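Keep in mind the model is a prediction, meaning the values are calculated, not measured. All chains are named by letter (A, B, ...) in the order of the sequence lines, taking the proteins before the strands, and each is independently numbered beginning at 1.
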2 protein chains.
Amino acid sequence: MSYSIKEIAKIMGITPSTLRYYDSEGLLPDVKKVNGRRVFEDKDFKWLRVLNCMKNINMPIKKIKEYVKLAQKGDTTLQERYNLILEQKESIQKQINELNTCLKEFEFKEWYYKTAIEAGTEKVVENISSISPTLEIDKIPKNYKKEGM
Amino acid sequence: MSYSIKEIAKIMGITPSTLRYYDSEGLLPDVKKVNGRRVFEDKDFKWLRVLNCMKNINMPIKKIKEYVKLAQKGDTTLQERYNLILEQKESIQKQINELNTCLKEFEFKEWYYKTAIEAGTEKVVENISSISPTLEIDKIPKNYKKEGM
DNA sequence: ACTTGACTTAAAGTTAACTTTAACTTGTAT
DNA sequence: ATACAAGTTAAAGTTAACTTTAAGTCAAGT
């Protein structure tokens, strides 16, 4: 199967311009060209799904390019690529943890506003707490030091 | 307890400039000023922890400002704020789901490179698959239509 | 032969979220 | 009295990730 830039862009939910930009940044390795036009094949499609994944985890384009370059160098860079993957795995875990903490905060706020709406005023709840117990716990980080301590 | 801009910046892990920028954008409601200098109090600190939370879920500054403005208007905006919170809760859930999918892909790649490193070459694994089963499943989205269908 | 539509590149423009700079004020220490 | 450290504003600069524009190529249809 092969696709035009317009088709693959539609599949990926991005614009052809963005794909051209990615290509110009070296994010799309070895895309075939026929009469000067890009022809996307299954291998490109597979890679685009991984690229999409890397974008979802907020990997900067520079870092993705780094990975692509390593992959193009072949077997001598296997260890480096492995390290890069591990590093990014850690980053994903961290992001998930942060999001879960924030989710708790927003669930608290959902309760907060539901209660306030029922009562017609925020006063009913704001005396209890305007912040969730989760965030309330650490008022000041343990590692915080005032200047010159 | 009250803090200078330098102190609170250190606690929050950002620079004083960023705090001033947030203030100029209306993200810090009613920060006290003494001799023209900002004095941060416990209520500001609490709000900064929520703000930090909102930044972590990638809420754009415009959206955060919108929330702050609603909160400043008082009880008449309770329902609007509730809706905004629900909307953001959905967004968090979506982000967590995306990250979990990507985590699976990276776990696959971890295995992929570990196996390749042991064998000394990528050839051993790339014939099996260069992409995880999770991403492999949907080659083309079900909702994809070629032009003119 | 000519128009049309989809592509191409190179370069300039945009947007968000800061960051830096310049010029100025103020409280504290010598 | 003076110097210094830490704060202030307004405005300009930066960076990442696109997006738009301008000018041109190319194959297919009339």
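Rounded to a whole Å, the CZ atom of A:Phe40 is 17 Å from the P atom of C:dA6. Going from atom OH of B:Tyr3 over to atom P of D:dG7 covers 15 Å, rounded to whole Å. Atom NZ in A:Lys6 sits about 6 Å away from atom P in C:dC7, given to the nearest Å. In this structure, A:Lys10 atom NZ and C:dC7 atom P are separated by 12 Å, rounded to whole Å. Spacing between atom CZ of B:Arg20 and atom C1' of D:dA11 amounts to 15 Å, rounded to whole angstrom units. Here the C1' atom of nucleotide D:dA11 and the CD atom of B:Glu25 are 14 Å apart, to the nearest Å. Distance, B:Lys65 NZ to C:dA16 C1': 12 Å, rounded to whole Å.
Between B:Glu87 and B:Asn83, the side chains place no donor N or O within less than 3.5 Å of an acceptor N or O (distance only, hydrogens not considered). Judged purely by distance below 3.5 Å, without hydrogens or angles, the side chains of A:Gln95 and A:Ser91 pair a donor atom with an acceptor atom.
The residue A:Ser4 sits close only to the backbone: its heavy atoms come under 4.0 Å of sugar-phosphate atoms, none of a base. A:Lys33 comes within 4.0 angstrom of the backbone, heavy atoms only, and of no base. Contact annotation for B:Arg38: backbone-only contact, meaning every heavy-atom pair under 4.0 Å involves sugar-phosphate atoms and none involves a base.
Geometrically, A:Lys109 does not engage A:Phe106 in a cation-pi contact defined by less than 6.0 Å to the ring centre and at most 45° from the axis.
The aromatic rings of B:Tyr113 and A:Tyr67 stand perpendicular to each other, their planes meeting at an angle above 60°, with 30° marking the opposite boundary.
Every residue meeting the salt bridge (Lys or Arg N to Asp or Glu O under 4.0 Å) condition with A:Glu41, not counting sequence neighbours, appears here in chain and number order: A:Lys32. Checked against salt bridge (Lys or Arg N to Asp or Glu O under 4.0 Å), B:Asp75 has no partners two or more places apart in sequence or in another chain.
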| said: Does the protein touch nucleotides 17-26 of chain C at the base, only the backbone, or not at all? Give it as B, S and - per nucleotide, heavy atoms under 4.0 Å. | reply: BBBB----BB
